[in-house]
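Read through the structure below, which is laid out as structure tokens, and then see the notes.
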Amino acid sequence: LRAIFRSPSAVIFSFVFPLIFILVFGFIGGGNRLNVRVAFDKTTDTTSRLYQQIKSIPAITIARKEEKQIFEDIEKGRITAVLNIQETTNARAKYEVKLKTSDAANQQNVQVLVSILEGVIKRINEDEFPQSSTYATISKDIVKIPGRTYRTIDFILPGQLGFSLLSAGVFGVAFIFFSLRQTLVLKRFFATPINRTHIVFGEAISRVLFQMITAVVILLVGYFAFNFTLVHGWITFLELLVLSLVGLIVFMGFGFIVSGLARNESSIPPIANLITLPQFLLAGTFFSTEAFPSWLQPICRVLPLTHLNDAMRNVAFEGAHLADCGKQLGILGLWTIGVYAVAVKVFRWE
């Protein structure tokens, strides 16, 4: 454990890099992501010209999800509003647009959305109602439901914690065991009464202790400095530490594989990067996996870091507990079995 703390690379990758990213994204934009995303109510008149015009506006992203998921997204501010376009009996206007939003939504985005809708209606009026009538009106009664603000830090911090765990598990274990083998330290261990299993567990436990300290620091900095959401307080904090432990165990298995495959020290980074880089980029560390093309999303959903990030975000912000993360934990469990089965085959002592 002392050797790990004395390693500059271990400290930089585990503490410094994640904290730098957290600081950068914590200060950017004051917390909320500016993105005008809307959904249509299932009773919306999709035959109206207004509906077709709104769909074609580049500044508006249409969310297409189940009604329950849409409600959850509104509640958390991920969707600016739900639009409901209905035909009216009012002689002055053919349609009325009703908006449903939440306290968690960026109110600036709500105003931008209303301005966009007014502009669309004005253009239609110039074509079809040049006199006094109007094609549609926007209801002044905007329905608001209670919501909890979903800040940038609530998305970024779990991803950075997962990245820290992945880097430490793969690079840390790979370099440590290769170094012990290359410097003949393991050979000297064999001359003592120490059991081989104890050697592995000793190194593993020291890595776990070090990384749990890292997780505690990252979570506390996020909570106290940037108001990172811990829905159930200390219970959520402890559950995130349990998830960190599960993720670290999986990623350490990759480290054992790399240390077994590497023939020299210079070959460790390329092999390790083949494991870490795709996960770092595709597992929802910086951006939601929904932002990727549809053909790429199945690959994203296979990666273990994706499920660790999803579980952490569900626990931290959604208010889920470990029992509610059965799918993610199950997939991580399958990865653990597969990874360590390979690790046992390729691990070398000398």
Side-chain angles (χ1 to χ4, degrees), residues 13-14 17-22 24-26 28 33 35 37 61 63-65 69 73 78 150-174 211 214-215 218 222 240 243-258 261 268-318 320 325-340 342-343:
F13 276 103
S14 297
F17 277 3
L19 286 175
I20 287 175
F21 283 121
I22 289 169
V24 170
F25 285 98
I28 286 177
R33 289 178 289 176
N35 184 19
R37 298 182 71 242
T61 302
R64 306 180 187 280
K65 297 182 178 180
Q69 291 178 309
D73 284 349
R78 295 172 181 168
Y150 188 68
R151 300 175 179 84
T152 302
I153 195 68
D154 292 319
F155 184 87
I156 289 296
L157 190 142
Q160 290 308 309
L161 180 53
F163 163 66
S164 176
L165 297 170
L166 177 63
S167 299
V170 177
F171 284 96
V173 170
Q211 207 56 37
T214 303
I218 290 174
L240 287 175
L243 288 172
S244 299
L245 176 61
V246 172
L248 184 59
I249 291 172
V250 178
F251 301 143
M252 285 172 59
F254 286 113
F256 286 123
I257 292 175
V258 173
L261 294 177
I268 292 179
I271 300 173
N273 280 319
L274 285 174
I275 296 172
T276 59
L277 195 58
Q279 298 192 66
F280 180 58
L281 297 175
L282 302 177
T285 302
F286 290 111
F287 311 100
S288 171
T289 55
E290 295 179 0
F292 293 113
S294 56
W295 63 267
L296 191 57
Q297 291 185 22
I299 299 175
C300 299
R301 288 193 289 267
V302 169
L303 302 174
L305 183 57
T306 300
H307 297 281
L308 179 64
N309 287 341
D310 288 347
M312 285 187 170
R313 289 174 181 134
N314 289 342
V315 168
F317 188 81
E318 314 284 350
C325 300
K327 175 186 175 182
Q328 291 85 358
L329 290 173
I331 293 175
L332 288 173
L334 293 174
W335 268 103
T336 303
I337 295 171
V339 166
Y340 279 95
V342 176

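Numbering of residues begins at 1 and proceeds along the displayed sequence. Computed from a predicted model, the values in this text were never measured in an experiment.
Interatomic distance, CZ of Phe155 versus CD of Gln160, reported as 10.5 Å (0.5 Å rounding). For the atom pair CG (Leu165) and CG (Asn309), the distance works out to 9.5 Å, reported to the nearest 0.5 Å. For the atom pair CG (Leu161) and CD1 (Ile156), the distance works out to 12.5 Å, reported to the nearest 0.5 Å. Rounded to the nearest 0.5 angstrom, Ile275 CD1 and Phe251 CZ are separated by 11.0 Å. One finds the CD atom of Gln279 at 5.0 Å from the CG atom of Leu166 (value rounded to the nearest 0.5 Å). Between the CD1 atom of Ile218 and the CD atom of Gln211 there is a distance of 7.0 Å, given to the nearest 0.5 Å.
Looking at residues two or more places apart in sequence or on another chain, you find a side-chain contact (heavy atoms from CB on, under 4.5 Å) between Thr289 and Phe292, Cys300, Thr306. For Asp73, the salt bridge (Lys or Arg N to Asp or Glu O under 4.0 Å) partners two or more places apart in sequence, or in a different chain, are Lys65, Arg78.
Checked by atom type and distance alone, the side chain of Ser244 pairs as donor or acceptor with a backbone atom of Leu240 at under 3.5 Å.
Nearest approach of Val315 to Cys325, heavy atoms of both residues: CG2-SG, 3.8 Å. Taking every heavy atom of both residues into account, Leu243 and Leu308 meet most closely at O-CD1, 3.4 Å. Residues Gly255 and Val173 approach most closely at C-CG1, 3.7 Å, considering heavy atoms. The shortest non-hydrogen separation linking Asn273 to Pro278 is O-CD, 3.5 Å. Taking both residues in full, the closest heavy atoms of Thr276 and Phe171 are given as OG1-CE1, 3.8 Å, listed atom of the first, atom of the second, then distance. In terms of heavy atoms, Leu282 sits closest to Leu296 at CD2-CD2, 3.8 Å.
Contact check for Pro158 versus Phe317: no side-chain heavy atoms found under the 4.5 Å cut-off.
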Side-chain donor-acceptor distances from residues 327-337 under 3.5 Å, at least two apart:
unit_1	atom_1	unit_2	atom_2	d
Trp335	NE1	Val302	O	3.0
Thr336	OG1	Leu332	O	2.8

Worked verdict on Phe254 versus Val342 for side chain to side chain contact (heavy atoms under 4.5 Å, CB included) | CA-CA 9 Å; Phe254 286 113; Val342 176; over 6 Å; no
